[in-house]
Amino acid sequence: MEEWIIILFFVIPLFGAFVMPLTYLFSPESPKLITPVITLILLMLSLYSVICQPEQIAYSIGGWKPVDNVPIAIYLVYDGLSGFMLVIINLVAFFSSVYAIKYMEEYTGQKYFYVLMCLMIAGMNGVVLSGDLFNLFVFTEISAKSSYALVAFGVKKDELEASFKYQVLGGMASLIILFGIAMIYWQTQTLNMADISYMLQNAENNIFPVFVQLIFITGFGVKAALIPFHAWLPDAHSSAPSPISAMLSGVLIKTLGVYVIMRLYLSVFQLNESVSIVLLALGGLSMIIGVLLAFGAWDLKRLLAYSSISHIGYIITGLGIGMIMLSRGENHLAATLAFTGSLFHIANHAVFKGLLFLNAGAIEYAANTRDMKQMGGLAKFMPVTLTSSFSASMSISGMPPFSGFFSKLIIILAAVISGFYFIAGLAVIAGIITLSYFMKFQKYAFYNKPSGKSPVKEVPGLMRFSMISLAVLCLLMSVLILPGIRDGFLNPAVNTLMETTEYASKILGR
Amino acid sequence: MTLYILCFILFLVGVYGVLTRRNLIKIVISLTIMEFSVFLMLVLVGYISGGLAPIVVHPEGSDISVVDPLPQTLVLTAAVIAVATNSMVLALAIRLYKKYGTFDIRKINELKG
């Protein structure tokens, strides 16, 4: 695999975003065609890079060589974890963009929608690839800013209000992140992640990195919507247009929140047990409070948004268990299991939560309501939405043989092996409540008495295509955990996490 | 050290404003104050006392300390981002005013959070 391929991941969508307003002048339909093509190319590229399986690529933009062993170029780093995230981001982006073609027709100003969507994808791909805190901050802001605009896209009362809330909280989180970056610069005089890691390994002051890590938990915790910082998520994710909700819940919170936490806490900072315990506690809290909030929701998209909080909780719990085990240095098997479960759940959650939001959008498109009490009897009219949402509901509530079962099982197993019986119990209880509120969704939306309105129609073909493909993926993803297939996709990402600070020595070569 | 403490106080002023004000525009102003305090701190952190501007005109080997341009570029970039944030938030505030006829966030409460 050629090194320069990795810059294409954000150059192509950025280029597309700036070209689309021009092509719109000649043909108003062109953005609808260009966006799915761009996301398809990105998906192919990311699959190609995973198949090539490079060990690690450190690409320095402009080709500046290190001076006196100090890296001065802007680094882009592709490794197992980045490749894993890229596939997930571009997969969900592709299906959302195909779905959006028909769904967005009732909105005005469609060209801006596609421009903002491409910018958001460019930002997320950039976050995953950057090996430099400066770049990471800028790409975080690119995708966050476009998501603010996309949440407010409908310019109705609640959408504007949700976006305002999202912006104030997101803006404060960005400032806290910038403050943390300033602190790191103060200590290490560099912003290159590999160099920071090297400097911190040789530093004598051990309290300082812990302080920065706690600041980052606040900053990236808001982006990932962990429980004390979650207030913006249910509003923002339920107000956005459905394909964007699928992107926000499916990949944005994971890229800006969970991925960055993984990368910084495992590859850059030294492992610290107390920080890991904080993460584990926040994860457990999000897991249980998220499901309780979702249980009481009657707005379909709001229910799905609350459920996202609980699933981010699962992911962070797995991460926390792995970090505690690694920092104690006693049980590497448990750490590997926990990271595998955590990463596998990221992939699964992206697919099934994306699909569920697309289903919610389909119901809103056809029956024109989001309130579950007003739906009912849709099973007869919308067979595709019924089957695909059934597949996603089974997967999210952890029924074998759907993929969600395996990732939850691995996280619970890891918790039991590491001796966190309480957390394992919480995860089981959260899983059961998840099942119950997805049964509620199935019953009220599809099987209850018809609400007496005129019969609704199934959604158009392109929307059906996205939903069916993702529903098939919900089942197929279980294959990823089999030995042999696991080595291709999951294991490189897990190995990247397990190597911890070898990340720096590999890039710097010292 | 005094400067850093003053920066931190400025930051707290911003946080206080965001938390207690009830007017959309005042919230935006408080957010801006927070932004500026963080930028100030970044510039201060990057400054070396007695250092010169990072324009290399001095011959190599001369013993003049030059300020690292990295935090300054970061501040410039972050300031541009902050301008984007402010314009977005203000545009939203105007749209909200048109919908609700008020800037008071106690009256803008369709959503429950």
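The analysis underlying the following values was restricted to heavy atoms, covering all of them including side chains, and did not include hydrogens, waters or symmetry mates. This one's a predicted model, so the numbers in the text were calculated from it and none came from an experiment.
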Tell me, for [X] versus chain A, whether the close heavy atoms (under 4.5 Å) come from the side chain, the backbone, both or neither.
X: M34(B); value: both
X: S37(B); value: neither
X: L74(B); value: both
X: T77(B); value: side chain
X: L44(B); value: neither

Locate the shortest heavy-atom distance separating [X] from [Y]; write the atom from each residue and the value.
X: Y185(A); Y: G46(B); answer: CE2-CA, 3.9 Å
X: L178(A); Y: F39(B); answer: CD2-CE2, 3.6 Å
X: V38(B); Y: F179(A); answer: CG1-N, 4.0 Å
X: E161(A); Y: L96(B); answer: N-CD2, 3.9 Å
X: K99(B); Y: K157(A); answer: O-CE, 3.8 Å
X: F164(A); Y: L92(B); answer: N-CD1, 3.8 Å

Within a radius of less than 6.0 Å around [atom1] of [X], do more than 12 heavy atoms belonging to other residues, nucleotides or ligands occur?
X: F208(A); atom1: CZ; value: yes
X: W64(A); atom1: CH2; value: no
X: Y4(B); atom1: OH; value: yes
X: K111(A); atom1: NZ; value: yes

What is the distance from atom [atom1] of [X] to atom [atom2] of [Y], rounded to the nearest 0.5 Å?
X: L160(A); Y: I94(B); atom1: CG; atom2: CD1; answer: 11.5 Å
X: L70(B); Y: D132(A); atom1: CG; atom2: CG; answer: 7.5 Å
X: L90(B); Y: Q167(A); atom1: CG; atom2: CD; answer: 9.5 Å

Does any backbone or side-chain atom of [X] lie under 4.5 Å from a heavy atom of chain B? Answer side chain, backbone, both or neither.
X: I142(A); result: neither
X: A236(A); result: neither
X: A162(A); result: both

Note to self: Holding to side chain to side chain donor-acceptor pair (under 3.5 Å), I want the full list of residues that pass it with S163(A), two or more places apart in sequence or in another chain.
What the structure shows: none
Next item on the list: Please name all residues satisfying side chain to side chain donor-acceptor pair (under 3.5 Å) with S197(A), sequence neighbours left out, ordered by chain then number.
Entry: Q201(A)
Margin query: Set out, in order, the CA-CA distance, both residues' side-chain angles and the distance that settles side chain to side chain contact (heavy atoms under 4.5 Å, CB included) for V89(B) and Y148(A), then state yes or no.
Written below: CA-CA 9 Å; V89(B) 180; Y148(A) 301 154; over 6 Å; no
Margin query: Shorter than 4.5 Å, heavy atoms on both sides: which option in V155(A), V138(A), I176(A), T190(A) has the most such pairs with chain B?
Written below: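 Result: the option with the highest number of such pairs is V155(A).
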